[in-house]
Amino acid sequence: MNDGFDWGAVRESLPLLLEGFRITLLATVLGTLVAAVLGLAVAVAGRAPSRFVTVPVRLVTEFVRSTPLLVQLVGAAALFNTVEPLYIGITVLGVHYAAYTSEVYRAGIDGVPKGQWEACRALSLSPRRTWQAVILPQAVRKVLPALGNYAISMFKETPFLAVITVQEMVFEARKYGAEHFAYTEVFTLAGLIFLVASYPTSLLMRKLEKRLGH
């Protein structure tokens, strides 16, 4: 035990935390991809003409939004206990954030001028061509900063994966702190790594938002 700040613990734990950070980054990147693709699919499905599609989509989306991420992780891990925890974590993160990114996409789609839709109908473009060539390129461009902000939020919520034994950075920090009684040092280091990784990305998203806003 040391009453002062133990720099030796910082040096010793850094490789472990960086390995955990690799898992954190992997979960964030793959979870963001799942959220981006699934969120877009939910947003498009929500505009379907049939209530047999829109009602179930809305109910599932509301359920995901109304339940905590932690509960979803624990529930999924219990249901799929033979699946690798990292895969469960990535999927749950992706599905959870897809419920929110779908609203971002919806706002982007609604923001496309009605004249664009009318022009597509006048040109007899198929629905698929209309979405692919006209609507989605405009909608996605508008919502990129918001999607980036959700990716940052997901990155900062990856520590929840520790509850299903995913060995991400906070899992490694807790483990090292328990073994060496150096919680202050190791969690300070983990916090600094989160800050160094997320703050520049936040600045980039702000700059992108200003640029796309003009």
Side-chain angles (χ1 to χ4, degrees), residues 1-39 61 63-101 146-206:
M1 297 290 289
N2 191 339
D3 293 333
F5 195 86
D6 187 354
W7 291 101
V10 172
R11 290 191 296 271
E12 187 179 49
S13 63
L14 181 58
L16 296 174
L17 264 61
L18 290 179
E19 175 59 25
F21 178 74
R22 183 182 68 83
I23 301 299
T24 294
L25 196 59
L26 177 65
T28 302
V29 171
L30 295 182
T32 299
L33 289 175
V34 172
V37 174
L38 184 58
T61 302
F63 172 79
V64 172
R65 285 186 199 146
S66 302
T67 52
L69 175 60
L70 188 61
V71 172
Q72 294 170 13
L73 284 168
V74 173
L79 287 173
F80 305 102
N81 52 25
T82 59
V83 179
E84 177 69 29
L86 178 59
Y87 299 151
I88 294 175
I90 290 169
T91 302
V92 171
L93 281 173
V95 171
H96 182 82
Y97 274 90
Y100 296 96
T101 59
L147 295 178
N149 289 331
Y150 275 123
I152 294 170
S153 296
M154 184 187 298
F155 172 68
K156 291 185 290 187
E157 289 196 340
T158 52
F160 284 126
L161 301 185
V163 301
I164 58 171
T165 70
V166 175
Q167 297 181 0
E168 45 72 57
M169 186 164 58
V170 172
F171 179 95
E172 295 291 355
R174 186 184 294 115
K175 181 180 177 182
Y176 183 91
E179 292 175 352
H180 298 84
F181 303 100
Y183 287 105
T184 300
E185 291 82 359
V186 75
F187 276 101
T188 299
L189 180 57
L192 288 173
I193 294 173
F194 270 113
L195 177 63
V196 169
S198 63
Y199 185 65
T201 309
S202 298
L203 294 179
L204 179 63
M205 288 300 105
R206 291 177 194 171

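Counting from 1, the numbers follow the sequence of the chain as shown. Worth knowing before you read on, the calculation uses all heavy atoms, side chains too, and leaves out hydrogens, waters and symmetry mates.
Within the 4.5 Å cutoff, side-chain heavy atoms of L18 are placed close to those of L14. Side-chain contact between I23 and Q167: absent, with no pair of heavy atoms (C-beta onward) separated by less than 4.5 Å. Between F194 and T158 the shortest side-chain heavy-atom distance falls below 4.5 Å. The side-chain heavy atoms of L69 and L93, taken from C-beta on, include a pair separated by under 4.5 Å. By the 4.5 Å heavy-atom criterion applied to side chains, E185 and H180 are not counted as neighbours. For the pair E168/P159, a side-chain contact is recorded, criterion being any heavy-atom separation below 4.5 Å from C-beta on.
Here the straight-line distance linking atom CZ of R206 with atom CG of L204 works out to 11.0 Å at 0.5 Å rounding. Atom OG1 of T61 sits about 10.5 Å away from atom OH of Y100, to the nearest 0.5 Å. Taken to the nearest 0.5 Å, the OG1 atom of T184 stands 12.5 Å off from the CG atom of L189. With values rounded to the nearest 0.5 angstrom, I152 atom CD1 is found 5.5 Å from T201 atom OG1. Between L161 atom CG and I90 atom CD1 the span is 8.5 Å, to the nearest 0.5 Å.
A 6.0 Å sphere centred on CZ of R65 holds more than 12 heavy atoms belonging to other residues, nucleotides or ligands.
F187 and Y183 have parallel rings, their planes meeting at less than 30° on a 0 to 90° scale where 60° marks the start of perpendicular.
The minimum heavy-atom distance between A190 and A173, with the atom names listed, is CB-CB, 4.4 Å. Listed here is the closest heavy atom pair of A35 and M154: CB-CE, 4.2 Å.
No donor-acceptor distance shorter than 3.5 angstrom exists from the side chain of E172 to the backbone of L16, with no hydrogens or angles considered.
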Please tabulate, for side-chain N and O atoms in residues 70-83, each donor-acceptor pair with protein atoms closer than 3.5 Å (sequence neighbours left out).
from	atom 1	to	atom 2	distance (Å)
Q72	OE1	H96	ND1	3.0
Q72	NE2	V64	O	2.8
Q72	NE2	T67	O	3.0
Q72	NE2	T67	OG1	2.7
Q72	NE2	H96	ND1	3.4

message: side-chain contact (heavy atoms from CB on, under 4.5 Å) for T188 and V10? Distances and angles first, verdict last.
response: CA-CA 9 Å; T188 299; V10 172; over 6 Å; no
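For residues 17-34, every residue pair satisfying the side chain to side chain donor-acceptor pair (under 3.5 Å) rule, not counting sequence neighbours, is listed here: E19-R22.
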